[in-house]
Student: 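Quick one: structure below, then a few questions.
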Number of protein chains: 2
Amino acid sequence: MPPARRIPEATVARLPIYQRLLLELVRSGAATVSSEQLATLAGVNASKVRKDLSFLGSFGTRGSGYDAEFLLGQIDRELGLDQDWPMAIVGIGNLGRALAAAPGFSSRGFRICGLFDVDPSVVGTRVRGVLVRHVDELERVMAEDPPAIGVVATPAGVAQVVADRLVAAGVKALLNFAPRVLSVPEEVLLRSVDLSIELQVISFHLSHGTTAPAAVDGAAMAAVD
Amino acid sequence: MPPARRIPEATVARLPIYQRLLLELVRSGAATVSSEQLATLAGVNASKVRKDLSFLGSFGTRGSGYDAEFLLGQIDRELGLDQDWPMAIVGIGNLGRALAAAPGFSSRGFRICGLFDVDPSVVGTRVRGVLVRHVDELERVMAEDPPAIGVVATPAGVAQVVADRLVAAGVKALLNFAPRVLSVPEEVLLRSVDLSIELQVISFHLSHGTTAPAAVDGAAMAAVD
DNA sequence: TAGATTGTTAATCGATTAACAATC
DNA sequence: TAGATTGTTAATCGATTAACAATC
């Protein structure tokens, strides 16, 4: 039995990139892949790739590299992609619709089990075959098919109340796209993506003439207890 | 003249959050704000707020805090939000439309100077008053009103060629939403937001029962030279 | 002066990377 | 054996945070 490995956050954030590249490599018939190849494709340092993969265990073979399919399987398992993650999206504007339709979202275990909005012209329509319901029905629908993940894609003004209702209805994690810092109980996992922060970081670097450290990472937000 | 301060990446990523909170505070009539207040609102440590702000200079007043309006002005200037950043978006699907319409995008200096798609049912329509043109016209339109920032909101399959054309047409920075690692010349700033990576990070933490470090940061991607 | 709050120091923690012994 | 490539070490760098002197 392997020791309980604690995987660094920075590594966790890169595993999905390796996962996608490996999927493409396997589909194109590659049997093995070296850390050098994977590094070039991912745009990172080969040392970093080896270090990242070493946290999952030692399944490389010195001299020839990693078995692509096996490595992919290990990463999938580590990321929990072999499990089912029912997901509800609140706010079916352009962004919510983009999320509902995104191949990377609906594929794998990220099954959409609920779409909610308040706009009468949207409620009752279908996105990718899933009926958009009124937010008033959120608790009832979620009780029938409880989502593990709640996605907040509403305007900022209602993001906190929507988050509160999703949490009360039992989601274990929230993915927030509203430009607002949300409060959730500490047992609920919260991640936030703020598209305008990305632009402002770009603005900073352009106005300072900094070439910027090779283009890393996204927005930072945190949960208040 | 202040010494040339190098502002840490982590600080740059938090400045937009402070900026937004200060804007709300100023609008609600607050004259001063303490690091403790700002920290609570941002969901971070007060030490971190003071350290972050200290990179911009020392404009706090011991005993009473920071002048909210002045601090906001300093952050705006530091982020380059007082400048004009014309922006072209390629790919006017749901995501591109969400970006074009996002208040945080179109406001401030992020002026949309070009929208491009290939779908005949989209080309010729208007989003927020801006005409969507065919990608064939990209070079011509961009020569007339050159964008500083190019946004890639296309399917993954064409993201690299679109990026190449935007770079060739002279953008100084790219913001990529396609789930693909892009290559750009090193003088071009590249940032990538991968929505499915966020979900996979959530999946990792849910399946490991890790409460996750208070919910920080976004996806990591890098440019290959 | 007394209370409040900044700005900075220093300790600590986490992430990156070059180098190289191990080994296929 | 010779060449290739991993897994790990150790040095370095960057970010976080508690603590507190400075000072309004």
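Here is the naming used below: chain letters follow the sequence lines, and residue numbers restart at 1 for every chain.
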Student: Any side-chain N or O of Ser35(B) less than 4.0 Å from the OP1 or OP2 oxygen of dT6(C)?
Tutor: yes
Student: Show the nearest heavy-atom pair for residues Pro86(B) and Cys113(B), with the distance to one decimal.
Tutor: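 Taking Pro86(B) first and Cys113(B) second, the nearest heavy atoms are CB-SG, 3.8 Å.
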Student: With DNA chain C as reference, determine whether Ser64(B) or Pro8(A) sits nearer its 5' end, using the nearest nucleotide of each.
Tutor: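 Upstream on the strand: Ser64(B).
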Student: What are the residues of residues 45-54 of chain A, sorted by number, that bring a heavy atom to within less than 4.0 Å of DNA chain C?
Tutor: Asn45(A), Ser47(A), Lys48(A), Arg50(A), Lys51(A)
Student: Where the side chain of Arg62(B) is concerned, which of dA15(D), dA15(C), dC24(D) is the nearest nucleotide?
Tutor: dC24(D)
Student: May I ask you to test the Leu81(B)-Gln200(A) pair for a side-chain heavy-atom distance under 4.5 Å?
Tutor: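 Yes - at least one pair of side-chain heavy atoms lies under 4.5 Å apart.
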Student: Any ion pair linking Arg20(B) and Asp194(A) (charged N to carboxylate O, less than 4.0 Å)?
Tutor: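 A salt bridge links Asp194(A) with Arg20(B).
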Student: Please report the shortest heavy-atom distance between Met87(B) and Leu199(A), naming the atom on each side.
Tutor: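 Result for this residue pair: SD-CD1, 3.6 Å.
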Student: Rounded to whole angstrom units, what separation is found between the CD atom of Glu9(B) and the C1' atom of dA15(C)?
Tutor: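 About 15 Å, once rounded to whole Å.
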Student: Heavy atom of residues 65-73 of chain B under 4.0 Å from DNA chain D: which residues?
Tutor: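 Residues of residues 65-73 of chain B under 4.0 Å from DNA chain D: none.
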Student: OP1, OP2 of dT5(D) versus side-chain N and O of Ser34(A): anything below 4.0 Å?
Tutor: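 For Ser34(A), the contact criterion (side-chain N or O under 4.0 Å from OP1 or OP2 of dT5(D)) is not met.
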Student: Could you write out DNA chain C as a dot-bracket string, with dots for unpaired bases, | for bases paired across to another strand, and Watson-Crick or G-U pairs counted at under 3.5 Å?
Tutor: ..||||||||||||||||||||||
Student: Measuring from Leu41(A):CG to Arg180(B):CZ, what's the distance to the nearest 0.5 Å?
Tutor: 10.0 Å
Student: Base, sugar-phosphate, or nothing for Phe59(A), non-hydrogen atoms under 4.0 angstrom?
Tutor: sugar-phosphate
Student: Of all heavy-atom pairs between Leu138(A) and Phe116(A), which one has the smallest distance, and what is that distance?
Tutor: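 Between these two residues, the closest heavy atoms are CA-CE2, 3.6 Å.
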Student: Rounded off to whole Å, could you give me the CD-to-P distance for the Glu36(A) and dT17(C) pair?
Tutor: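 Spelled out: CD on Glu36(A) to P on dT17(C) is 13 Å.
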Student: Tell me yes or no: between the side chains of Thr32(A) and Asp67(A), is some donor less than 3.5 Å from an acceptor?
Tutor: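 Asp67(A) and Thr32(A) do not have a side-chain donor-acceptor pair below 3.5 Å.
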